[in-house]
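Proteins come first, then strands; the chains are lettered A, B, ... in the order of their sequence lines, and each starts at number 1.
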Amino acid sequence: MTEFEQAVIEVLRTLAPGDVVTYGEMATEAGYPGAARAVGRLLATKSSVEDLPWWRVVAASGRLIPHDPVRHARLLKAEGVEVRDNRVVRRQS
DNA sequence: CCCCTGACTAGAA
DNA sequence: TTTCTAGCCAGGG
């Protein structure tokens, strides 16, 4: 487990149901500003083996994950997050 | 050490 | 609005 991994996972675990953050924010919060891309890579690989609320992380544009946006949307809606056309609706940014 | 990949991002076409 | 381009970053080969 690398330092980067646990840092990101730690932040991820602080998210409560209904919360939504971007990859960039995750990276910054974890102490690795600019590593948004690395965060995505991490979730893409570890989310399946680890037990993480990966669905609370979205792209800065609000876009959902590319391989299975349907599942992503379903999980978010289950927590009360508004999703329209594979996009998280952002109010007040 | 070099090179490539990707659940990223901001900005330009 | 959609597609490209050019930076970014940690991992893995």
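Contacts between residues 33-47 of chain A and DNA chain C, defined by a heavy-atom separation below 4.0 Å, involve A/Gly34, A/Ala35, A/Arg37, A/Ala38, A/Arg41, listed by number. Listed in residue order, the members of residues 54-73 of chain A having a heavy atom less than 4.0 Å from DNA chain C come to none.
Between the CG atom of A/Leu75 and the C1' atom of B/dA7 there is a distance of 14 Å, rounded to whole Å. Computed from coordinates, the A/Glu5 CD to C/dA10 P distance equals 12 Å when rounded to whole Å. The distance between atom CD of A/Glu25 and atom C1' of B/dT9, rounded to the nearest whole Å, is 12 Å. Whole-Å rounding puts the A/Asn86 CG to C/dT2 C1' distance at 15 Å. Across the protein-nucleic acid pair, A/Tyr32 atom OH and C/dC9 atom C1' stand 11 Å apart, rounded to whole Å.
Under the 4.5 Å side-chain criterion, counting only non-hydrogen atoms from C-beta, A/Trp54 is in contact with A/Ile65. The closest side-chain heavy-atom distance from A/Val58 to A/His72 is below 4.5 Å. Looking only at side-chain heavy atoms (C-beta outward), A/Arg13 and A/Leu52 come within less than 4.5 Å of each other.
Remark: of the listed residues A/Thr14, A/Leu12, A/Leu15, A/Leu15 is the sole one forming a side-chain contact (heavy atoms from CB on, under 4.5 Å) with A/Val21.
For A/Val8 against A/Met26, the heavy-atom pair with the smallest separation is O-CE, 3.4 Å.
Counting any heavy atom pair closer than 4.0 Å across all strands shown, A/Phe4 reaches sugar-phosphate atoms only and no base atom.
Between C/dG7 and B/dA7, the distance separating the two P atoms is 22 Å to the nearest Å.
Rounded to the nearest 0.5 angstrom, A/Thr2 OG1 and A/Leu42 CG are separated by 7.5 Å.
The environment of CD in A/Glu50 is crowded: more than 12 heavy-atom neighbours from other residues, nucleotides or ligands sit within 6.0 Å.
Both A/Val39 and A/Met1 belong to a single network of hydrophobic side chains, linked directly or stepwise wherever heavy atoms of I, L, V, M, F, W or Y lie under 4.5 Å apart.
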